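Here is the naming used below: chain letters follow the sequence lines, and residue numbers restart at 1 for every chain. Given the structure is predicted, the values throughout are model-derived calculations rather than measurements.
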Amino acid sequence: MRIATYNINGTNGRLETLLAWLDDTQSDIVCLQDLKAPQAKFPERQLKEAGYAYVWHGQSRWNGVAILSRGSEPVLTRRGLPRDPDPSQCRYIEAAVNGVLVGCLYVPNGNPAPGPKWDYKLEWLKQFTVHAKQLLALDVPVILAGDYNIIPAEHDVYNPDRWQDDALFLPQHVRKAYASLLKQGWCGATATIHTDKPVYPFWDYLRQARERSAGLRLDHLLLSHHLTARLKDAGVDRDMRGRSKASDHAPAWIDLARE
DNA sequence: ATGGCATGTAACACATGA
């Protein structure tokens with residue numbers, strides 16, 4: 001069973017690319033972020049024709065999250081975080097899919113730090129961390145997949161020195177937040193498989209970042225222990241980043257053994 | 001330190017992103 005997360009950076013502008021990738025990979029569950037489309041403009045018909053069911057939460061221009069499922073109907077469990085610091089921003093959706101509770105998240109970028117956007121990111125991460133703990137307490141298989149906008153460690157960025165003061169990387173705050181999730185018991189799937197070298201799911205549009213392999217690891221799939229035991233493989237579909245009109249993110253995925 | 005690129009909306013320039 002393949003589960004993927006993809007910051008698509010505009011779902012309608014990249015619909016053909018998305019449909020071709022779904023057809024190629026036959027992904028079973030897909031978490032999408034940054035739909036950049038209002039609720040009414042989600043491409044329902046095309047995704048249904050491609051064999052997917054879905055839940056989504058759209059917002060005009062920015063943010064927006066969706067969970068796609070092939071062959072089964074996702075059962076929505078929540079939109080937005082409990083005590084969401086700004087419910088007008090669509091950054092979290094959660095559904096039960098085939099016996100797995102799936103949380104799809106899009107953490108605020110937080111730049112510039114310090115400032116109101118930075119404060120918002122920290123508050124969002126705080127409430128998310130509280131919710132993540134509650135999910136673990138349910139003792140059911142859970143995956144929290146999405147664009148965390150966190151570089152977890154020095155080796156997850158091409159040039160750590162350059163990013164020390166960035167809201168994606170500040171150690172006492174965002175890196176600490178990620179570490180505290182792992183401490184709760186979550187397993188970062190990609191790093192578990194790729195222990196020697198990071199696989200980047202993001203390259204900036206600027207300065208030929210992709211050609212220089214100047215990537216960042218921002219998209220993560222965190223597993224509860226029920227799923228860690230089933231983890232077979234993980235990777236990034238980096239070819240997606242090379243296509244014309246690509247998102248600046250590529251899909252990150254895991255393969256789980258069937259129960 | 002700046003701006004390089006890209007998105008959707010539509011005030012055809014802007015806010016936002018990473």
Side-chain angles (χ1 to χ4, degrees), chain A residues 5-18 31-43 46 56-66 85-86 88-92 104-125 128 145-171 173-175 177-178 190 198-220 236 238 240-252:
Chain A
T5 180
Y6 181 29
N7 180 321
I8 193 169
N9 189 15
T11 194
N12 287 306
R14 260 179 268 289
L15 185 56
E16 292 308 314
T17 307
L18 173 65
C31 294
L32 295 176
Q33 303 87 37
D34 221 356
L35 303 175
K36 283 184 158 72
Q39 187 73 1
K41 290 201 176 162
F42 185 74
Q46 295 90 334
W56 79 103
H57 199 192
Q59 172 186 343
S60 181
R61 292 216 241 186
W62 298 301
N63 311 318
V65 283
D86 181 0
S88 73
Q89 299 194 25
C90 300
R91 295 182 175 277
Y92 186 78
C104 169
L105 60 144
Y106 180 34
V107 178
N109 172 297
N111 278 305
K117 293 186 178 183
W118 170 243
D119 295 340
Y120 173 56
K121 178 176 197 171
L122 295 188
E123 184 59 23
W124 203 95
L125 284 171
F128 175 69
D147 180 356
Y148 282 68
N149 269 322
I150 295 175
I151 301 166
E154 299 263 334
H155 63 259
D156 292 316
V157 50
Y158 66 100
N159 178 4
D161 291 345
R162 201 196 137 89
W163 293 84
Q164 291 298 333
D165 298 325
D166 194 278
L168 306 178
F169 197 46
L170 279 161
H173 307 90
V174 294
R175 271 191 267 173
Y178 192 83
T190 311
V199 285
Y200 297 134
F202 172 87
W203 297 263
D204 203 306
Y205 285 124
L206 309 169
R207 305 179 210 88
Q208 276 104 33
R210 182 175 161 275
E211 290 76 1
R212 294 186 294 119
S213 297
L216 313 177
R217 209 165 73 81
L218 303 176
D219 306 84
H220 309 293
V236 167
R238 51 182 303 148
M240 288 282 281
R241 183 62 181 81
R243 299 195 184 189
S244 68
K245 302 277 286 175
S247 168
D248 42 5
H249 295 251

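Taking atom P in both B/dA15 and B/dA10, the straight-line distance is 15 Å, to the nearest Å. Between B/dT9 and B/dG3, the distance separating the two C1' atoms is 23 Å to the nearest Å. Rounded to whole Å, the separation between the P atoms of B/dA1 and B/dA6 comes to 26 Å. Taking atom C1' in both B/dT2 and B/dC12, the straight-line distance is 25 Å, to the nearest Å.
For the residue pair A/Trp62 and A/Gln89, no side-chain donor N or O sits within less than 3.5 Å of a side-chain acceptor on the partner. Inspection of the A/Asn9 and A/Tyr205 side chains reveals an N or O donor paired with an N or O acceptor under 3.5 Å. If you check the side chains of A/Tyr106 and A/Asp34, you find a donor sitting under 3.5 Å from an acceptor.
Every stem involving DNA chain B, taken as at least 3 paired positions in a row under the Watson-Crick or G-U wobble test at 3.5 Å, is listed here: B:5-9 with B:13-17.
Ring-plane geometry between A/Tyr158 and A/Trp163 is classed as perpendicular, the angle between the planes exceeding 60 degrees on a 0 to 90 degree scale with a lower cut at 30. Ring geometry for A/Phe128 against A/Trp124 counts as parallel: the plane angle stays under 30°, on a 0 to 90° scale with 60° as the upper cut.
Using a 4.0 Å heavy-atom cutoff across all strands shown, A/Ser60 reaches sugar-phosphate atoms only and no base atom.
Between A/Thr11 and A/Arg162, the residue anchored closer to the 5' end of DNA chain B is A/Arg162, taking for each the nucleotide with the nearest heavy atom.
Counting heavy atoms from C-beta outward, A/Leu105 and A/Gln33 have side chains that stay 4.5 Å or more apart.
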List the steps, then state whether side-chain hydrogen bond (donor to acceptor under 3.5 Å, both in side chains) holds for A/Asp219 with A/Asn7. CA-CA 8 Å; A/Asp219 306 84; A/Asn7 180 321; 5.4 Å; no
Per-nt protein contacts along nucleotides 13-18 of chain B (heavy atom under 4.0 Å; B base, S backbone sugar-phosphate only, - none) come out as --BSSB
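Pairs engaging residues 152-165 of chain A under the salt bridge (charged side-chain N to carboxylate O under 4.0 Å, His left out) rule: A/Glu154-A/Arg175, A/Asp156-A/Arg217 [sequence neighbours left out].
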